[in-house]
Structures are given as C-alpha cells and as structure tokens.
Amino acid sequence: NAGVTQTPKFQVLKTGQSMTLQCAQDMNHNSMYWYRQDPGMGLRLIYYSASEGTTDKGEVPNGYNVSRLNKREFSLRLESAAPSQTSVYFCASADRESSQPQHFGDGTRLSIL
Amino acid sequence: GDSVTQMEGPVTLSEEAFLTINCTYTATGYPSLFWYVQYPGEGLQLLLKATKADDKGSNKGFEATYRKETTSFHLEKGSVQVSDSAVYFCALSDRSGSARQLTFGSGTQLTVLP
C-alpha cells in the first residue's frame, strides 16, 4: 500500500546510545517531517525537509539530526539518547511545502532508560 | 505565539449520539484550520480543513466551520459510530501553510460504545 513507512516500530535504548529512525514515502512527495508526540500534548515538529537536499529546524530540534537522503527517505538520528527523548515519533509527508502534512507513518515508540 | 485549545477528554458516547469537540485558537494572522484523526496504533490522518472565515470543512460525516468572530473550529458529527473511536486533533497553520507554523492541540480521545 502507498504511504509513509517508518522503522522500527518499537525501540528501547540506554542513555547515551545512538540510533537512527528511518522513514520512507512512495507518493513522490516533496516535503517530509519528523514530529514527536508526548502524553497530553499535541505533535511538535522536530525537523522538516521542504525538498530533497534541504532541511530546517522545527520547534524542538535539540538533540536530533536529520538527513534527507533522497526524495523518498528522511531519517532522524539521536546521537546520544536522553530519557527526555522518550516519545512516539511520527514521520509525515506533503506534496509541497505550502501544504500541511497529509500522510503520517504509524509511528516509532522509543523508550530511553 | 499561535496556540490551539481543545476540550478535555476523554469523551464517551453511545452509538448514533451527536458529537461536538470544541476547538478554539489564538493566532496573529489568518490561519488555516484542520482536524486530524488518529486511530489506535496508527499515524494521524487529515480529516478536514478550512482555509478562510466561514468556510465549512467536511468529510466522512464530520463537519467544522471556521468562525473568525469566536476564533473557533468545533468538530461535529450527527450520528457517531463505533468505528469513529479515535483521538482527534485540532491544528492551525499560518497563511503560508508553512510546516514550521503548524500548531496542534493536545487531542481529544473519543470512545463510542455500541
């Protein structure tokens, strides 16, 4: 099925470990996003990529890095995980920068011990 | 800055009941307004949107009207089904629709009982 695919679905890390969350979309969308979702809060934007080769910070970028590998793939990296980064992470895509995110992945549930 | 306030959940209704989920916003410009739905274990899906005052967004029996005078975008459905059980998020973006200005409310959990 067409859509946004995230891997892994679940992950447990120890404080200080590093990890990369993968995201791929097959809808030929230009824009891709990474959000985190915490209990009792709406989604908060971490980073986004308006088009291949460009990335920009969102509301909560500290502690994260991203790579827009090609038009399909947008990865999120935690270099040194901290307990405050325990969250559910969602990748999303939109056909152009001026559109709101239209398609979301099923999320990655990440726990940092 | 911009903000979105949703009614506190959880909301529990019987099948075929009328649904209202309140949403109000604060914004400096003229935002576009959205409702997203998140079914259990899934990502968010765009449910409906409105881009200017008095616009009505509608989809799958859900409706919401952009009310500039009351800065509101309440979600309504005349007869809910068990399959509508999900978390609903109200969101806004500024005029340009830039991803950096997309602001979400905290979400409202809806449970529909048979």
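Hydrogens, waters and symmetry mates are skipped; everything else that's a heavy atom, side chains included, is used.
Remark: A/Arg44 CZ is packed, more than 12 non-hydrogen atoms of other residues, nucleotides or ligands lying under 6.0 Å away. Around atom CD of B/Glu16, no more than 12 heavy atoms belonging to other residues, nucleotides or ligands sit under 6.0 Å away.
With a 4.5 Å cut-off on non-hydrogen atoms, A/Gln37 touches chain B through its side chain but not through its backbone. Neither the backbone nor the side chain of B/Gln6 comes within contact range of chain A; no heavy atom of the residue lies under 4.5 Å from a heavy atom of that chain.
Ranked by non-hydrogen atom pairs under 4.5 Å with chain A, the options B/Gln109, B/Glu8, B/Lys49 are led by B/Lys49.
Here the closest non-hydrogen pair linking B/Glu42 and A/Phe90 is O-CE2, 3.9 Å. When all heavy atoms of A/Leu43 and B/Phe104 are compared, the pair lying nearest together is O-CD1, 3.5 Å.
Residues B/Leu44 and A/Tyr89 fall into different hydrophobic clusters, defined by Ile, Leu, Val, Met, Phe, Trp and Tyr side chains chained together at heavy-atom separations under 4.5 Å. Cluster membership for B/Tyr39 and B/Leu113, using ILVMFWY side-chain heavy atoms within less than 4.5 angstrom, is not shared. Under the 4.5 Å side-chain heavy-atom criterion for ILVMFWY residues, a single connected hydrophobic cluster contains both B/Tyr25 and B/Leu47.
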Problem set entry | Stepwise side chain to side chain contact (heavy atoms under 4.5 Å, CB included) check, B/Gln45 with A/His103 | CA-CA 6 Å; B/Gln45 301 175 26; A/His103 298 273; over 6 Å; no

